[in-house]
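Step one of this worksheet: look at the structure below.
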Amino acid sequence: MRKIKTGVYGLNPLLDGGFNENSITVLIGTSGTGKTTMGTQFIRRGLEVGNDAVFVSLDENQEQIIREAIAMGWTNIHKYIENKKLVFIDASGKKFSDFIMEELPDFVERWHGVKSRIVIDPLTPVIWAVDDKYQQRELLSILMKETRKVGTVVCTLEEHGTAGRLTGKETVIPMYLADCVIHLKYIRKVGRIVRNLEVIKCRSSRHSSLSHEYRIIRGLGLVVKRLRIARKKTKTISPKLTTELKKRRDMLPREVYIRIHEAFSGLEDDDVKGADPAEILMNVLEDYSEID
Ligand SMILES: Nc1ncnc2c1ncn2[C@@H]1O[C@H](COP(=O)(O)OP(=O)(O)O)[C@@H](O)[C@H]1O
Ligand SMILES: [Mg+2]
């Protein structure tokens, strides 16, 4: 799986290297958590190394987004627009079903950009535009299917309901359809706001299962705080376990033995998340103790 750098400093290691190429990521968070900032950061990362970018705006107009990007320190954004490396699609105020079913596929067909990055900011008005769940799913899945043909996609989604708990009903369908979900949230403490992000899912990746503090800094955007403990490969348990497993070799069908052996040889601390690997192996062996 080819990994695409997210542009967010400190986020790539939490996603096993970055976003998967041609995947769909959904950023969920309440207003002000930094979703739009992260979206612009993601496309800037690509533009700086010669990739193309498309910003699909479903809410704010192009001028507003550019103004905010400049205020956040992206002062030469106009250069990329003039060179047609960065293309804006302003769908704010349009009828979303017409836009998604007709205009967007036309655009995708004509697009010739290289290794493109696409931001859709935010998905929320599309969900609000239709009441019917099947129609919502249909619209969102076409939107995602079409945009991923162009490149790697980041969508944002406003969080409602009990903020910070992903309980809002508008989050269900996008979370289900996405390949990667990142939850941005903030906690108000005396005198300051503490921001935290969590990777809820990231397909085909060994992603972090912790909560990570981040900051929003002008000129840089979102920056994730580094954890002191670096992930290490387990050295002590693996050889002992492989010996243990080898002793039971005859108990297991050959194919199963090979698979389990490979799984345990590649184990890292982070995979077992504090559990005892010997205990996990016991469970596996027990499962095959009676061949059915
Ligand atoms: N010029 C700036 N310098 C520093 N931080 C900023 C600046 N502009 C915005 N921010 C921070 O970014 C937050 C808004 O980010 P934004 O990406 O618009 O959030 P969202 O899209 O999730 O509503 C603000 O609440 C503020 O804390
Ligand atoms: Mg926003």
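For this chain, numbers begin at 1 and follow the sequence in order.
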Got a sec: does the [atom1] of [X] have more than 12 other heavy atoms crowding it under 6.0 Å?
X      : atom1 : value
Asn76  : CG    : yes
Glu48  : CD    : yes
Lys201 : NZ    : yes

Spell out, yes or no, whether [X] and [Y] are grouped together once hydrophobic residues are joined by side-chain heavy atoms under 4.5 Å, including indirect joins.
X      : Y      : value
Val26  : Val8   : no
Leu11  : Val181 : no
Val150 : Leu140 : yes

Between [atom1] of [X] and [atom2] of [Y], what distance do you get to the nearest 0.5 Å?
X      : Y      : atom1 : atom2 : value
Leu177 : Arg137 : CG    : CZ    : 5.5 Å
Ile4   : Leu15  : CD1   : CG    : 12.5 Å
Cys180 : Ile24  : SG    : CD1   : 11.0 Å
Thr37  : Leu220 : OG1   : CG    : 12.0 Å
Thr152 : Phe42  : OG1   : CZ    : 5.5 Å
Glu213 : Ile187 : CD    : CD1   : 8.5 Å

Check: residues 103-112 side-chain donor-acceptor pairs under 3.5 Å, at least two apart:
{"from": "Glu103", "atom 1": "OE1", "to": "Lys94", "atom 2": "NZ", "distance (Å)": "2.9"}
{"from": "Trp111", "atom 1": "NE1", "to": "Ser116", "atom 2": "OG", "distance (Å)": "3.0"}

Discussion item. Using salt bridge (Lys or Arg N to Asp or Glu O under 4.0 Å), reason through Arg206 and Asp16 one step at a time and then give a plain yes or no.
Written reply: CA-CA 5 Å; Arg206 260 176 170 152; Asp16 208 6; over 6 Å; no
I'd like to know if the side chain of [X] and the backbone of [Y] have a donor-acceptor N/O pair within less than 3.5 Å.
X      : Y      : result
Lys185 : Ile28  : no
Asp52  : Leu86  : no
Ser205 : His207 : no
Asn20  : Arg203 : yes
Gln136 : Val130 : yes
Lys35  : Gly29  : yes
Glu198 : Leu184 : no
Ser23  : Phe19  : no

With distance as the sole criterion, is a donor-acceptor pair present between the side chains of [X] and [Y] under 3.5 Å?
X      : Y      : value
Asp59  : Ser92  : no
Thr30  : Glu159 : no
Asp121 : Thr36  : yes

Discussion item. Taking the side chain as everything from C-beta on, heavy atoms only, tell me whether Tyr186 gets closer than 4.5 Å to Tyr214.
Written reply: no
Practice prompt. Can you sort out the partners of Ser209 under side chain to side chain contact (heavy atoms under 4.5 Å, CB included), two or more places apart, ordered by chain and number?
Written response: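 For Ser209, the residues satisfying side chain to side chain contact (heavy atoms under 4.5 Å, CB included) (neighbours in sequence not counted) are Lys273.
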Discussion item. For Glu170, give me all partners under side chain to side chain contact (heavy atoms under 4.5 Å, CB included), at least two apart in sequence or on another chain.
Written reply: Ile127, His160
Worksheet entry | Ionic contact status for Lys149 with Glu146, cut-off 4.0 Å |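 So Glu146 pairs with Lys149 through a salt bridge.
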Fill in: Pair Asp179 + Arg148, salt bridge at N-O below 4.0 Å
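A salt bridge is present here (some side-chain N lies under 4.0 Å from a carboxylate O).
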Expected list for residues 245-256: side-chain donor-acceptor pairs under 3.5 angstrom, two or more places apart:
{"from": "Lys247", "atom 1": "NZ", "to": "Glu244", "atom 2": "OE1", "distance (Å)": "3.4"}
{"from": "Arg248", "atom 1": "NH2", "to": "Glu244", "atom 2": "OE2", "distance (Å)": "3.1"}

Practice prompt. Would you please name every residue forming a side-chain hydrogen bond (donor to acceptor under 3.5 Å, both in side chains) with Ser57, sequence neighbours left out?
Written response: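 Ser57 satisfies side-chain hydrogen bond (donor to acceptor under 3.5 Å, both in side chains) with no other residue.
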Solution key, residues 60-72 side-chain donor-acceptor pairs under 3.5 Å, sequence neighbours excluded:
{"from": "Asn61", "atom 1": "OD1", "to": "Glu63", "atom 2": "N", "distance (Å)": "3.3"}
{"from": "Asn61", "atom 1": "OD1", "to": "Gln64", "atom 2": "N", "distance (Å)": "3.0"}
{"from": "Gln64", "atom 1": "OE1", "to": "Asn61", "atom 2": "N", "distance (Å)": "3.1"}

